[in-house]
Asker: 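First the structure, which I've put down as structure tokens, then a few questions once you've had a look.
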Amino acid sequence: MAASEIPKAYDPKLVEDKWYADWLAKGHFTANPQSSKPPYSIVIPPPNVTGVLTMGHVLNNTLQDILARRKRMQGYEVLWLPGTDHAGIATQTVVEKTLRKQGVIKHRDDLGREKFLEKVWEWKEKHGGIIIQQLKKLGCSCDWTRERFTMDAGYSEAVLRTFVDLYMKGYIYRGKRMVNWDPTGRTALSDEEVIMTETQGHLWHIRYADEIIVATTRPETMLGDEAVAVHPDDTRYRHLVGKKITLPLRNKQIPVIADAAVDPKFGTGCVKVTPAHDVADYEMALRHKLPFTVVIGPDGIMTAEAGEDFEDLDRLECREAVVEALTQAGLLVKVEDYTHNVGYSERTNVPIEPYLSEQWFLRYPQVPRSTDTVDSGEIKFYPERWQKTYTHWMKNIRDWCISRQLWWGHRIPVWYCIGDDACRLECKQPIVSTETPTVCPHCGSKNVRQDEDVLDTWFSSWLWPFATMDDATRKKFYPTTDLVTGPDIIFFWVARMIMAGYEYTNEKPFANVYFTGIIRDAQGRKMSKSLGNSPDPLDLVSRYGADGLRFGLMLIAPQGQDILFDEKRCEVGRNFMNKLWNAARFIQMQKPGRTDYNAHDLKILFEMNDAITKVSAALHDYRFNEAAKELYDFVWGDFCDWYIEASKVAPNVAVLNDVFNVILRLLHPFAPFITEELWRGDGTIQFAPWPVTREVPGATAALATQVDELYELISAGRQLRNDYGIEPKQPLTFAIKPTADEDFFRSELASLKMFLNAADVALDRNYQPAGLAPSLVTKAATIFMVGAVDVEQERQRLTKQLADINKQLAVTEAKLANANFVQRAAPIAVERERDKLATLREQSENIQALLVKLV
RNA sequence: GGGCGGUUAGCUCAGUUGGCUAGAGCGCUUCCUUGACAUGGAAGAGGUCACAGGUUCAAGUCCUGUACCGCCCACCA
């Protein structure tokens, strides 16, 4: 195609979908377990099946795609295994809310379990594919032939098998415990699903008896009080221990008990004890054998036990009613403002209720081994500091409440014999089995009923690295290599996967874990739907291109730091892609020219090697932003600003193509679409080898320095032009007075003319301007602009330059005058200072000589 | 209460194992639509590297402390 036919601006729309379809059709992402190549594998953190792509997903999956694509180029057999999570509570909540909005139901009970689940599956079929399509738009090179869902038949079996196995091993047990209860979701939650939030509340001081005043943040719970506790050594109350007092509002006799859990220094030293609605009180009640009176129901509504004045009130309404009643009775001593931490449900955002109920719990397997593996670096965390967080959690690990009072999820594989006349004692044992029992194995009754609860979503997610793979795949690709995820799910997911991995595969599930930052908006707020501050990534893709979005994001994604996202970042990415596009246009416009290597060719080849080294090292260490930055600087600065410009004198097309080919390969993991589009090598760029440095005779650091000095001289010439307000298009005459190597500058006369837009450039070691000429002194030469001059302005600029130089000179002289420095510093550092001193002295003298002539 | 981050230009951030004049993008100023690119080019202004000590020939970088911001963990009602 002729160059003129290539559009001036890069349009991702014409490129991206075309290539993605091509890659899919050719099966480039499909991992082959029979391959002889070394394996590289990542499993995707499965997004919620009904979710839509967020900026967090974009970040996370771009990183994974970069890793996967680079490994393909490095000759690995790559498996990036994708899929989605059923996300029990999140999905159920969304579907239920939607049905309610549509007026179909008021509560899921209106439909019943089966009908409701049908609706959820319908929803899943309809919306389940969206996020997958979005990942494809981003360019993610997942092996879609292996896409999994946590409620796929095979996967579900693995989940149930795990449950049964852990039950048989004694890790899973059922018990009546105090759990975190979400009254809106009407389900138990794990500790990790509770978010502690500092909340402005009150401390109500209530007179329970003449000598007893208690303080509480939750007056409504007093309706369920069964005691007042004091510290055993507290002499103020010792005489009351064992006595009974009357619980206000309930007219109930409750004892005064002594318990060491009471802090005598807090408040009055008296604590009300509500066994059924407070964790600490629950423990105390067990010790003192107090009854558990439930006054708040599972829906957050007060029960009949709360008394007829309060029954059927919402817990928060009841709080006001109790305070009112106490005030009327004159028992409210005082009210203080009080800031304390309140647990909120992560999902429904309502205050958690400690609630006594029958639940299933898991005592974690493989805890010591899983702790050590991260401590010892067998599994590596990036950034390393997350190790501490992980270890701390593992060392204080507590049993996991795994049952949820939901419908959407893996139903617990446990049946109970409801029994009939033939029932025996053994029938009270739950029947735990992966097979649905038709009769009770003990009494033969057909009246068996399955546990109503489902398992916590994470109880399926923790099997993800291996339960997603068939035997052949597992053999080749497990344990996986890298995991990329957010630190917010280090306990929910990462820690649990490690434990499950050891328990069920006897191997670590992954070798490295890269923790991303959290994406925030420009003001530093977490992105959320309710704030409306989360941009739609697909909208960004359509406006900036997937490559632009990806690259812009990578530039600002430092390891383990939160990311303040601003749409401007995408512009940077898009502009960069456009720059690349136009570099390609320039190259295609060139006719074959020189075949020798001039200084500019050697310089760019030297910088290219440097870029290959730096980008490779950065990616090896998961320093994605540094790799992106290096590429940006190399392409825009070294290649476009200098090398392409220099090529305008006389191009070496082979070098242009060579360097550009390397650029495309280095850039491909970041920007898969445009690099494929511009690729002129064999086949797809996806399997083109990752660039390695190669020695080019003459492409040395010394040569690079020499060319840098040339560029410095050019910048000085441009500065003169700018300072004197001479338009860029007006040709000028310059004179150059080199301090040393005249030959080099002589060989660069053509490029100097081109870069400076000079009609003529004179080169003379003994140059003396005829009249006055504006000049600047650089390391390798002094440059004069022949033509108009303003004596006063020239005096000022030279004086300023001299002051700068002399300042540095003074610092350098002082350093070298310091005997300690000369003796103790590294010889190379001293040498550097001596060189610098010589250069600065020469520059200083040159400027002084020029100033003398101005007078 | 414990732990972990952060504090560098107007804004957002880079800055390897201490070592040349502390960098980038955006924003700002001046000039420029010259055949790769105005999603661009050239030049420029702008910083006591939060503060106080310490180690060192040398500190943005290492150590100690302080202040402020943010996050995580923790059953004082």
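Source: prediction; values computed, not measured. Heavy-atom basis, side chains included; hydrogens, waters and symmetry copies ignored. Reminder, nothing fancy here: chain letters follow the sequence lines and each chain counts from 1.
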Asker: Counting the atoms with a prime plus P, OP1 and OP2 as sugar-phosphate, which does Lys614(A) contact under 4.0 Å by heavy atoms, base, sugar-phosphate, or nothing?
Answerer: nothing

Asker: Roughly how far apart, to the nearest Å, are U29(B) and C72(B) at atom P?
Answerer: 41 Å

Asker: Compare the minimum distances between each of G19(B), C72(B), U39(B) and the side chain of Ala9(A), then state the nucleotide with the smallest one.
Answerer: U39(B)

Asker: Return the value, rounded to whole Å, for the distance between atom NZ of Lys272(A) and atom P of A77(B).
Answerer: 12 Å

Asker: Has Gln719(A) got a side-chain N or O lying under 4.0 Å from the OP1 or OP2 atom of A42(B)?
Answerer: no

Asker: Where the side chain of Lys8(A) is defined as all heavy atoms beyond and including C-beta, which of A38(B), G25(B), U33(B) is the nearest nucleotide?
Answerer: A38(B)

Asker: Tell me whether the OP1 or OP2 atom of G23(B) has a side-chain N or O from Lys629(A) closer than 4.0 Å.
Answerer: no

Asker: If you compare all heavy atoms of Met178(A) against all heavy atoms of His277(A), which two are closest, and at what distance to 0.1 Å?
Answerer: CE-N, 3.5 Å

Asker: Does C62(B) pair with anything, Watson-Crick or G-U wobble, both distances under 3.5 Å, and if so, with which nucleotide?
Answerer: G54(B)

Asker: Quick one: is Ser715(A) getting a side-chain N or O under 4.0 Å of the A43(B) phosphate, OP1 or OP2?
Answerer: yes

Asker: Base, sugar-phosphate or nothing for Cys640(A)? Non-hydrogen atoms, less than 4.0 Å.
Answerer: base

Asker: Taking the side chain of Asn578(A) as heavy atoms from C-beta outward, which of G35(B), U39(B), U30(B) is closest to it?
Answerer: U39(B)

Asker: Name the nucleic acid region contacted by Ala617(A), choosing base, sugar-phosphate or nothing; use a 4.0 angstrom heavy-atom cut-off, strictly under.
Answerer: nothing

Asker: Determine the Euclidean distance between corresponding C1' atoms of U55(B) and C62(B); express it in Å to zero decimal places.
Answerer: 8 Å

Asker: Check every atom of G41(B), G3(B), C32(B) against the side chain of Glu727(A) and return the nucleotide holding the closest atom.
Answerer: C32(B)

Asker: Using the rule side chain to side chain contact (heavy atoms under 4.5 Å, CB included), only one of Val322(A), Val342(A), Ile296(A) pairs with Arg218(A); which is it?
Answerer: Ile296(A)

Asker: Under 4.0 angstrom, heavy atoms only, what part of the nucleic acid is Asp641(A) near: base, sugar-phosphate, or nothing?
Answerer: sugar-phosphate

Asker: For Leu720(A) versus Arg797(A), what's the shortest heavy-atom pair and its separation?
Answerer: CD2-NH2, 3.1 Å

Asker: Examine the base of A36(B) for any acceptor or donor lying under 3.5 Å from a partner atom in the side chain of Glu645(A), and report the outcome as yes or no.
Answerer: yes

Asker: Please pick, from A77(B), C75(B), A45(B), the nucleotide with the shortest atom-to-atom distance to any side-chain atom of Asp263(A).
Answerer: A77(B)

Asker: Checking base pairs now: Watson-Crick or wobble, both atom distances under 3.5 Å. What partners U29(B)?
Answerer: A43(B)

Asker: On RNA chain B, nearest-nucleotide positions of Leu203(A) versus Val822(A): which is more 5'?
Answerer: Val822(A)

Asker: Between Asp11(A) and Lys13(A), does at least one N-O distance fall below 4.0 Å, as a salt bridge requires?
Answerer: no

Asker: G41(B) phosphate, OP1 or OP2: any side-chain N/O from Trp636(A) under 4.0 angstrom?
Answerer: yes

Asker: Can you tell me the Watson-Crick or wobble partner of A24(B), both distances under 3.5 angstrom?
Answerer: U12(B)

Asker: Base, sugar-phosphate alone, or nothing: which one does Arg574(A) contact when heavy atoms must sit under 4.0 Å apart?
Answerer: base

Asker: What's Lys388(A) touching, base or sugar-phosphate or nothing? Going by heavy atoms closer than 4.0 Å.
Answerer: sugar-phosphate

Asker: Give Asn818(A) one of three labels, base, sugar-phosphate or nothing, depending on what nucleic acid heavy atoms sit under 4.0 Å from its own.
Answerer: sugar-phosphate

Asker: So what does Arg398(A) touch, heavy atoms closer than 4.0 Å: a base, only the sugar-phosphate, or nothing?
Answerer: sugar-phosphate

Asker: With rounding to whole Å, what would you report as the distance between G15(B) and U8(B) at their P atoms?
Answerer: 14 Å

Asker: Is it true that Lys648(A) and Glu645(A) make a salt bridge, defined as a side-chain N closer than 4.0 Å to a carboxylate O?
Answerer: yes

Asker: Can you check the distance between U16(B) and G60(B), where both ends of the measurement are the C1' atom (answer in whole Å)?
Answerer: 14 Å

Asker: Considering only the P atoms, how many Å lie between A24(B) and A45(B), rounded to the nearest integer?
Answerer: 12 Å

Asker: Is it the case that the base of C32(B) and the side chain of Lys729(A) share a donor-acceptor contact (distance under 3.5 Å, atom types as modelled)?
Answerer: no

Asker: Is Tyr338(A) near enough to A77(B) that one of its side-chain N or O atoms lies under 4.0 angstrom from OP1 or OP2?
Answerer: yes

Asker: Of the listed nucleotides (A77(B), G5(B), A36(B)), which one gets closest to any side-chain atom of Phe266(A)?
Answerer: A77(B)

Asker: Hey, can you tell me if Tyr514(A) and Phe624(A) have their rings parallel, tilted or perpendicular (30° and 60° cut-offs)?
Answerer: perpendicular

Asker: Thr216(A) has a side chain; which of A77(B), A45(B), C26(B) sits nearest to it?
Answerer: A77(B)

Asker: Classify the nucleic acid contact of Val279(A) as base, sugar-phosphate or nothing, counting any heavy atom under 4.0 Å across all strands shown.
Answerer: nothing

Asker: Heavy atoms from C-beta onward define the side chain here; which of C75(B), A43(B), U39(B) lies closest to that of Asn575(A)?
Answerer: U39(B)

Asker: Assign Trp204(A) to base, sugar-phosphate, or nothing according to its heavy-atom contacts below 4.0 angstrom with the strands shown.
Answerer: nothing

Asker: May I ask which nucleotide in the shown strands pairs with C71(B), Watson-Crick or G-U wobble, both distances under 3.5 Å?
Answerer: G3(B)

Asker: Determine whether the side chains of Tyr724(A) and Gln793(A) contain a donor N or O and an acceptor N or O closer than 3.5 Å.
Answerer: no

Asker: Where each residue is assigned the nucleotide of RNA chain B containing its nearest heavy atom, which of Thr268(A) and Glu192(A) is assigned the position nearer the 5′ end?
Answerer: Glu192(A)

Asker: In whole Å, what separates the P atom of C26(B) from that of U64(B)?
Answerer: 39 Å

